[in-house]
Amino acid sequence: ITLDGVNARNQLTAGEIGRGPYTVSIEAIREFEVVTNSYDVTQGRQAGGALNAVTKAGTNELSGSAFVYHRNDKLASQFDIRGNDRTQDFYNYQWGFSLGGPIIKNKMHFFMAFDRQDAGDPVFITDINSPDDERRLGVKRDTLNKALDIVRRLYGVSDAQQVGQFSRKTVANTIFARIDWQLNNRNKLTIRNNFTDWTNPLSVNDNSNINLAEVYSDFTSRENSILASLRTAINPTTTNELKVQFQHAERAFLPNSQLPLNNIPRGVVRITSPFPTESNPNATQTRTLQFGGQRFTPETNVENQLHLVNTTYLTKGKYQYTFGTDNMFTYLETLLSNEQNGRFFFDNLQDLENFKASRYAREVPLSGSPLVTQSVIDLAAFAQVEFELAKNLQAVFGVRYDVTAFTKAAAYNPILDQELGIRSDNLPSDWNNIQPRLQMTWNVKGKNTDILKFGAGLFSAQPHYYAQVNNI
């Protein structure tokens, strides 16, 4: 995923850098392409397709746009998918604007865009309104009420609402700004900045059958990327483009505000409800109910990345050469508390009321704080030639070389080494990624109506950095 030719990918878990409904305002996008069959050597670090977008720039004419989109709650059904009455709002309100124009005509131009979305949608947590809901959820209302009474009376669960319908409001903001400066007749400088933030409360669930509202966590993310690009016409046949981007991202999974502390243990209890049938009047269903904390939170991640790309384009007669280098230096810092708060398991409600846990489990870091730091170097060099092999037949031959190297080893686990003979303190690196590629494009009869493409080559995909994070 690239934006203006530089990385817009989440290096920890893949996907786009932003975690909200959009990473950049559509008002700031000039064009985009989905690449599924390109063998161009400038495309790298993906084994399949790629998504590339280019942003808008200002012109000599001052122009702008404004938009509002509103989906009113009154336009949505008053009933949920089960036919039950919906008590929480369901709406979307998005608005923004763009503005571009000259700072100095024919020399310096600006463009900016702002986009905001406020959205509300109901969250249903063990919402029982009918016998059909009880059968679907596998729990009777009176059994659920009994469990709630015990955890409130004996385990400190608050009197706040824990089950039913809840209102959730998410907020997304995106601010984009770009300046293009024609320094002279040979050099053009572009500076652009893109900022996004996203707040998504009550959005992170756990894996028990029934999770009380206090188990649900909030998620926030904030990203900023600033790019400087210098395009230089060295001579009539040679052009060079240098791009330097610094990208920063902060992501946080935050415990529910109902909890007294950030990382309290969680309780998991098996609850059984009677569901008699004609063939089995003693039939029951058992579910797990969770209260307290959860396995995933708190968890935070900070990502800093410097991306440097330099590409030279050279034309010699009918041959068009492209060669350059593409390098990323990434630092990641992840607070990983997964499963470290501990969990108590209770076999039934009676054991829960008697403080009689059947077992307790907890993962403990090998040493100190579970803060994982990673530094990764991604290097690449590429070269390619494009020319008309025959009439209406375009040929592209190229080669790309990629390197991925972690600069810090994972933590050493002596028990894993002693018991299984496996060392965890690996320092992953991959230097064996030579990728020759070729592509033929035949414009049948030169009519631009039928295009036949053939391509072959090797591609090296970027690994998931998260694979090393849990090695604590």
Side-chain angles (χ1 to χ4, degrees), residues 1-9 11 14 30-54 229 231-243 245 307-328 376-405 428-464:
I1 302 175
T2 66
L3 183 65
D4 292 324
V6 288
N7 183 54
R9 179 180 185 265
Q11 294 301 105
R30 188 182 76 197
E31 61 184 49
F32 71 92
E33 63 172 351
V34 179
V35 180
T36 59
N37 63 346
S38 174
Y39 293 82
D40 192 301
V41 294
T42 60
Q43 297 284 341
R45 303 193 178 101
Q46 87 271 354
L51 178 61
N52 305 317
V54 179
S229 174
R231 189 175 183 88
T232 302
I234 299 174
N235 56 50
T237 61
T238 307
T239 301
N240 189 81
E241 189 163 19
L242 173 66
K243 297 176 183 286
Q245 174 182 259
H307 191 185
L308 187 150
V309 183
N310 192 82
T311 308
T312 303
Y313 306 92
L314 173 64
T315 300
K316 287 288 186 181
K318 72 173 185 178
Y319 298 97
Q320 298 172 357
Y321 297 92
T322 302
F323 49 90
T325 182
D326 178 355
N327 311 289
M328 296 194 303
V376 191
I377 298 174
D378 291 281
L379 307 175
F382 51 85
Q384 137 180 320
V385 59
E386 181 176 356
F387 60 98
E388 190 175 49
L389 186 63
K391 186 178 179 180
N392 300 323
L393 180 62
Q394 201 74 11
V396 178
F397 296 92
V399 63
R400 182 182 174 102
Y401 177 62
D402 278 279
V403 172
T404 295
S429 63
D430 187 359
W431 298 78
N432 187 27
N433 292 307
I434 300 176
Q435 305 152 69
R437 302 177 191 175
L438 68 92
Q439 183 165 336
M440 303 288 184
T441 304
W442 180 26
N443 185 358
V444 181
K445 297 183 179 180
K447 294 183 177 180
N448 298 320
T449 57
D450 298 294
I451 305 294
L452 181 63
K453 285 187 175 183
F454 168 80
L458 298 178
F459 291 82
S460 172
Q462 197 172 30
H464 268 213

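Residue numbers count from 1 along this sequence.
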> Parallel under 30°, tilted from 30 to 60°, perpendicular over 60°: which one fits the rings of Tyr319 and Phe387?
Replying inline: tilted
>> To the nearest 0.5 Å, what is the distance between CD1 on Ile234 and OH on Tyr313?
In response: 12.0 Å
>> So does Val41 get a backbone contact from the side chain of Arg400, meaning a donor-acceptor N/O pair under 3.5 Å?
In response: yes
>> Test your reading of the model: is there a side-chain donor-acceptor pair from Asn443 to the backbone of Lys445, 3.5 Å cut-off?
In response: no
>> Run Val444 and Asn392 through side-chain contact (heavy atoms from CB on, under 4.5 Å) and show every step you take.
In response: CA-CA 7 Å; Val444 181; Asn392 300 323; over 6 Å; no
> Do Arg9 and Gln46 pass the side-chain contact (heavy atoms from CB on, under 4.5 Å) test, and can you show the C-alpha distance, the side-chain angles, and the key distance before you say yes or no?
Replying inline: CA-CA 11 Å; Arg9 179 180 185 265; Gln46 87 271 354; over 6 Å; no
>> If you compare all heavy atoms of Thr325 against all heavy atoms of Ala380, which two are closest, and at what distance to 0.1 Å?
In response: OG1-O, 2.8 Å
> Just by distance, with hydrogens left out, do Thr404 and Asp402 show a side-chain donor and acceptor under 3.5 Å apart?
Replying inline: no
>> I need the minimum non-hydrogen distance between Phe382 and Thr42, along with the two atoms involved.
In response: CE1-CG2, 3.8 Å
>> Let's go through Lys243 and Glu241 carefully: what are the C-alpha distance in whole Å and the side-chain angles of both, what is the deciding distance for side-chain contact (heavy atoms from CB on, under 4.5 Å) to 0.1 Å, and is it a yes or a no?
In response: CA-CA 7 Å; Lys243 297 176 183 286; Glu241 189 163 19; 3.1 Å; yes
>> Looking only at side-chain N and O atoms, does Gln439 offer a donor or acceptor that is under 3.5 Å from a partner on Arg437?
In response: no
> Which distance, rounded to the nearest 0.5 Å, do you find between the CD of Glu33 and the CG of Leu51?
Replying inline: 8.5 Å
> Side chains of Gln245 and Asn7: is there a donor and an acceptor less than 3.5 Å apart?
Replying inline: no
> Taking all non-hydrogen atoms of both residues, which atom of Leu393 and which atom of Met440 are closest, and how far apart?
Replying inline: CD1-CB, 4.3 Å
> Thr311 and Val309: which non-hydrogen atoms are nearest, and at how many Å?
Replying inline: OG1-CG1, 3.8 Å
>> Suppose we screen for ring-ring contact (aromatic ring centres under 6.0 Å, His included). Which residues come up paired with Phe459, at least two apart in sequence or across chains?
In response: Tyr39
> How many angstroms lie between CZ in Arg45 and CD in Gln11, if you round to the nearest 0.5 Å?
Replying inline: 8.0 Å
> If only atom types and distance count, is the side chain of Gln384 paired as donor or acceptor with the main-chain N or O of Val396 below 3.5 Å?
Replying inline: no
> Quick one: CG on Leu452 to OG1 on Thr441, what's the gap to the nearest 0.5 Å?
Replying inline: 8.5 Å
> Which pair of non-hydrogen atoms, one from Gln43 and one from Asn52, has the smallest distance, and what is that distance?
Replying inline: NE2-ND2, 2.8 Å
>> One pair to check against side-chain contact (heavy atoms from CB on, under 4.5 Å): Thr238 and Thr312. What are the steps and the verdict?
In response: CA-CA 7 Å; Thr238 307; Thr312 303; 3.9 Å; yes
>> Quick check: closest heavy atoms across Glu388 and Lys318, and the distance to 0.1 Å?
In response: O-NZ, 3.5 Å
